[in-house]
Amino acid sequence: MDNNLSPEHFQLIRKVLRETSRKEQDRPLKRKRRKVHENSTKDPEPKVTISIDSSDSDSRVEDKPEVVDLQSASDAGKEETYEDEGSEDYDDSDEFEDVTEPVTFDAAGVLSVTIAPKQETKKGSGAKARNICSNEERQRRRYYHMAYLLCLMVHGAIVNDWINNSKLLRKLSKLIDENLFNLLHPEKDDQMPLRSTRKLLDGLKKCMELWQKHWKVKKRYSGLEYYMRSWQETDGPIDLKKTLTENEFVRRVLKGHGNCDLATQGFVALLRSCNVNARLVMSCQPPDFTNLKEQESPTSRADTYSNSFKYPIFWCEVWDKFTKKWITIDPTNLKTIEQVRNGSKLEPRGVSACRRNMMRYVIGLDRKNGCKDITRRYASWFNSKCRKRRITNSAPGSEWYDKVICALHRRKRTRIDDYEEEYFNQRDEDEGMPDNLQDLKNHPKFVLEKDIRINQVLKPNSKECGYLNVNHGRQVLKVFDRKDLIDLKSAKQWYMEGRILKVGSRVRKTIKKSKGRMRSMTGIDGEVEEERLYSIDDTELYHAPLASSPDGKIEKNAYGNIEVFVPSMIPANCCLIESPNAIKAAKFLEVEYARAVCGFKFERGNSSKPIIGGVVVAKWFVEAVVSAIDGIEYSLEVDERQKQELKALEDWNVLLLKIRIKSNLNATYGQIQEHGTATNKDDINDSSADDSDFEAPAGGFLPVPNADTEAAQPTMTDSDEHEKLEPQEEGGFVVAASESKLTSVKHDRTEGTCAAKSQKSLDLDEKSEADEETDGSYEQFMEELDFSDQDS
DNA sequence: CTGGAAGATCTATCTTTGTCCGAA
DNA sequence: CTTCGGACTTTGATAGATCTTCCA
């Protein structure tokens, strides 16, 4: 009954939470001018929540808490086993420490997360406000987007699992009569394969009609459901009254009650019930992280219901084995069947429709629990427009998304995947060149001549692959294929990657580069240096000179180090040992070694420091050095333990010393406390036998070698100090004060002014030595004794 | 309504081997 | 005396991204 989501899902959620919590702290705003948030004076603790609910909850968006709610499939007894990559999240793991927000699982397997509200920001003094959120908010939105997307995808996978419910499929299969079944499974027509496809399409159409009769759409949507929310709408709390369970899902599908989404999911179940390879397709609509507006403009709220929900979130795909293509069916919303070639009817068009339904992540969930991103099929301008709005627009985001897809994809690769991939590649080819400047910026396939970077150059003889008219046809810009671009680097930059120039390599480009800053700051600025750039083809892998054979001497640079920026820079017969103690170990063994510079640290002015990542030693010394490191680490550990023991003994010493001094005083001058009198005067006299060992003028402590004293002492606590104690027979306590001092104190005591003066005379450093039995020969600390508590 | 030009503003990148002084 | 380690100080130019405003 466990909800076995991959840990990285939760890490992500924690990250979002952490990001939000970080916002609560006060921090300087980077942007000076910001728009005041109108709602800043409302509820001091509004909750922010993502609601992913499988039921058609009637929650309205406004004024609801923000909660992530994942209804797991666990209540149906099905195990959700998502693959765990085991690898680290793309972000540093320490990012996830000290998470304080509540992330709780209740017994029913519902994960609920409460995200603290984002901080409202004050308006700057500037008269003109920029409607852009801060950088922190930008990051928060990114994480929020990811968490939201993750929840949606997991939700899709769970619903897809429900669709495979055997009871549901058994009952639905009765709706399909034999004729219809045969239509859905046509014979292969060798002469005219299209005829088979035709039959299949007919069958699907009939299924759709049948389903429309079966299904009574009670209401379309009561809230925003799975449609995209604006950032303002994610602030408000969302009430989650109902959560759908698998049983409830099955019941509703069989009854034919529910909204469009449920109807489509039911339709997929219907097709699967007669063994059609049908996919549930879901277009995930997390809030748009590329929308950086602090506030939505008021006009954008004026979207009509029909426009907002015109295009579906869920639809269906059926595999046509004759044409080797997926057929798209939207049985409830647009009620269409299509074979997507260059554009789909399901792709939202128009500004108002895109406000609530921005096609970015379309995932296909098949009957074998496969999960694929099939956005390519439906987005006609995937490379130029859609790509920019996806979290995959950055490398870490892309990595994360791949991991999520991979975790949800729980089947082996099939031929169908190959065909689909081929189709997607073809679509990429066919997409063509964008017809405006904006879409050509950062386009994965095309590049404008003016957008070629300073360290890039076109391949020789490469021709432009198209033209772009700008300025109403008054100007024509050349467009090149990105494949024809070559990245260039200077010799030094190549060296940092472990590559050196080949003999006879030629300069591809020469750029002007202002000289180092340090020099320009001293006054000789304006000097420019030429930087020669080379392509990767003009370089080869750097092979460091080998260590000399018997003694293992390694060639070092002017600073006595060896540069190991990449692993390939280690000499072939050497090894890099990455340990902070490696240098010590190599020194100790007196073998040849070189400190390895793995990079540089830039901070504080213009200074940079090399980062020593360990030592490089010849391979035949590695074993010795590693064991020496082990030894060093072990001895460090021992030292650490000894230090702890010493500290403990010292603490005991202080305690005992205080006790003994007190009892000695009590014995010598009588009990001060009202409840007793001094005893054991004889013992005290005995204990002063060893005072010759001490130089301290006023007293000291000699640890007791006898075992029974050690047994007796550890039960004491500070509170015991005020009790009358038995001085130890062999105790090492010595009042090392001179006789005269003691007598003078005694004298005072007899006159009845005990406390103040006697303390003064004893308010001296006490020295004691360690017991040989406990551990080694170390010097005891000097401790100033404080007797003030004995005044009482 | 869309897209381009120009300007404003912000962010990311590139940089690529210190010195002084006190404690141990 | 040497050695070790922490404090010191808080760069700065520039390319590129992304926003706004205005206009066609």
Side-chain angles (χ1 to χ4, degrees), chain A residues 28-35 124 126 128-139 142 289-295 297 299-300 349-352 354-355 384-385 388-389 393-396 434-442 447-448 450-456 468-477 489-498 511-522 525-529 531 533 556-566 569 580 583-584 587 594-613:
Chain A
L29 297 170
K30 292 232 170 115
R31 304 205 179 209
K32 286 146 209 153
R33 294 185 290 171
R34 11 197 44 239
K35 196 158 187 173
K128 213 175 164 190
R130 274 192 103 191
N131 194 12
I132 306 168
C133 65
S134 67
N135 208 26
E136 290 82 21
E137 172 67 4
R138 229 177 260 215
Q139 266 304 312
R142 266 191 101 87
F289 71 94
T290 59
N291 176 7
L292 299 174
K293 286 191 171 61
E294 189 98 42
Q295 287 258 296
S297 57
T299 51
S300 68
R349 282 164 212 283
V351 176
S352 59
C354 287
R355 193 158 291 135
S384 41
K385 292 189 193 295
K388 292 175 186 168
R389 308 259 174 215
N393 66 358
S394 69
D435 58 353
N436 61 70
L437 274 176
Q438 284 166 12
D439 287 345
L440 269 168
K441 264 218 179 300
N442 296 324
V447 63
L448 276 170
K450 65 175 184 120
D451 284 340
I452 295 173
R453 298 244 204 279
I454 198 159
N455 61 341
Q456 287 176 327
L468 180 73
N469 284 328
V470 291
N471 223 344
H472 308 282
R474 268 169 275 176
Q475 203 183 343
V476 177
L477 298 177
K489 284 188 171 81
S490 67
K492 192 158 204 170
Q493 284 169 321
W494 280 122
Y495 181 63
M496 293 299 288
E497 292 178 21
I511 56 163
K512 299 262 193 290
K513 214 181 159 193
S514 60
K515 260 192 168 178
R517 280 185 296 284
M518 277 182 286
R519 260 153 290 177
S520 69
M521 277 157 73
T522 53
D525 56 356
E527 211 173 324
V528 282
E529 213 173 46
E531 180 102 72
L533 303 180
K556 295 169 200 163
N557 65 6
Y559 307 95
N561 302 325
I562 184 168
E563 284 139 339
V564 185
F565 304 126
V566 288
M569 293 177 82
I583 295 174
K584 263 187 215 164
K587 249 186 203 166
R595 287 176 298 173
V597 176
C598 299
F600 293 94
K601 205 165 64 181
F602 299 96
E603 51 177 30
R604 301 208 173 116
N606 295 315
S607 69
S608 54
K609 268 184 176 174
I611 299 165
I612 305 290

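We name chains A, B, ... by the order of the sequence lines, and we start the count at 1 in each one.
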### Query
Under a 4.5 Å cut-off applied to non-hydrogen side-chain atoms, are A/Val470 and A/Leu477 in contact?
yes
### Message
Any heavy-atom pair between the side chains of A/Gln139 and A/Glu136 that's under 4.5 Å?
### Response
no
### Message
Suppose you measure atom C1' in C/dA24 against the same atom in B/dC1; what distance do you get, rounded to whole Å?
### Response
12 Å
## Note on the structure
Rounded to the nearest 0.5 angstrom, the CZ-CG distance for A/Arg138 and A/Asn291 is 11.0 Å
### Query
Are A/Lys489 and A/Glu497 side-chain neighbours, meaning at least one heavy-atom pair lies under 4.5 Å?
yes
### Query
Can you check the A/Glu137 CD to C/dT18 P distance for me, whole Å?
17 Å
### Message
If I take atom CG in residue A/Asn291 and atom C1' in nucleotide C/dC19, what distance separates them, rounded to the nearest angstrom?
### Response
12 Å
### Most 5' of A/Arg474 and A/Asn455 on DNA chain C, judged by nearest nucleotide
A/Asn455
### Query
Within this structure, what is the NZ-to-C1' distance between A/Lys492 and B/dT16, rounded to whole angstrom?
6 Å
### Message
Expressed as a whole number of angstroms, how long is the span from A/Phe565:CZ to B/dT15:P?
### Response
12 Å
### Query
Contact class for A/Glu563 (heavy atom, under 4.0 Å): base, sugar-phosphate, or nothing?
base
### side chain to side chain contact (heavy atoms under 4.5 Å, CB included) involving A/Pro434 - partner list, sequence neighbours excluded
A/Ser384, A/Asp439, A/Leu440, A/His443, A/Phe446
### Any residue meeting side-chain hydrogen bond (donor to acceptor under 3.5 Å, both in side chains) with A/Asn471, in chain and number order, not counting sequence neighbours
none
Output one line per pair: protein atom, nucleotide atom from nucleotides 2-6 of chain B, and distance, for all N/O pairs under 3.5 Å.
| unit_1 | atom_1 | unit_2 | atom_2 | d |
| --- | --- | --- | --- | --- |
| B/dG4 | OP1 | A/Leu437 | N | 3.1 |
| B/dG4 | OP2 | A/Leu437 | N | 3.3 |

### Task
Would you please enumerate the stems DNA chain B participates in, each stem being three or more consecutive Watson-Crick or G-U wobble pairs with both distances under 3.5 Å?
B:2-14 with C:12-24, B:18-24 with C:2-8
### Task
Could I get the full list of side chain to side chain contact (heavy atoms under 4.5 Å, CB included) partners for A/Ser490, not counting sequence neighbours?
A/Lys492, A/Gln493, A/Glu531, A/Leu533
Distance-only criterion, 3.5 Å: show the donor-acceptor pairs between side-chain atoms of residues 557-565 of chain A and protein atoms not counting sequence neighbours.
| unit_1 | atom_1 | unit_2 | atom_2 | d |
| --- | --- | --- | --- | --- |
| A/Asn557 | OD1 | A/Tyr559 | N | 3.0 |
| A/Asn557 | OD1 | A/Gly560 | N | 3.2 |
| A/Asn557 | OD1 | A/Asn561 | N | 2.9 |
| A/Asn557 | ND2 | A/Glu563 | OE2 | 3.4 |
| A/Asn561 | OD1 | A/Arg595 | NE | 3.2 |
| A/Asn561 | OD1 | A/Arg595 | NH2 | 3.2 |
| A/Glu563 | OE1 | A/Tyr495 | OH | 2.7 |

### Message
What I'd like to find out is whether the side chain of A/Leu437 reaches to under 4.5 Å of the side chain of A/Lys450, using heavy atoms alone.
### Response
yes
### Query
What interatomic distance, in whole Å, is found between P of C/dT11 and the corresponding atom of B/dT11?
16 Å
### Query
Distance check: side-chain N/O of A/Arg453 vs OP1/OP2 of C/dA17, anything under 4.0 Å?
yes
### Task
Could you check how far CD1 of A/Ile611 sits from C1' of B/dT16, rounded to whole Å?
10 Å
### Summary
From CZ of A/Arg595 across to P of B/dT17 the rounded distance in Å is 15 Å
#### Entry: Which nucleotide in B/dT17, B/dT16, C/dA17 has an atom nearest any side-chain atom of A/Pro610
B/dT17
### Task
Pick the C1' atom in C/dT14 and in B/dT17, then give their distance to the nearest Å.
25 Å
#### Entry: Length of the CZ-P vector between A/Arg142 and C/dA17, whole Å
15 Å
### Query
Out of curiosity, A/Lys385 NZ to A/Gln438 CD, how far, rounded to the nearest 0.5 Å?
7.5 Å
### Task
For A/Asn557, report the nucleic acid contact type (base, sugar-phosphate, nothing); a contact means any heavy atom under 4.0 Å.
base
### Query
Expressed in whole Å, how much space separates the C1' atoms belonging to B/dC21 and C/dC1?
16 Å
## Note on the structure
A/Glu531 atom CD is separated from B/dC14 atom P, nearest whole Å, by 12 Å
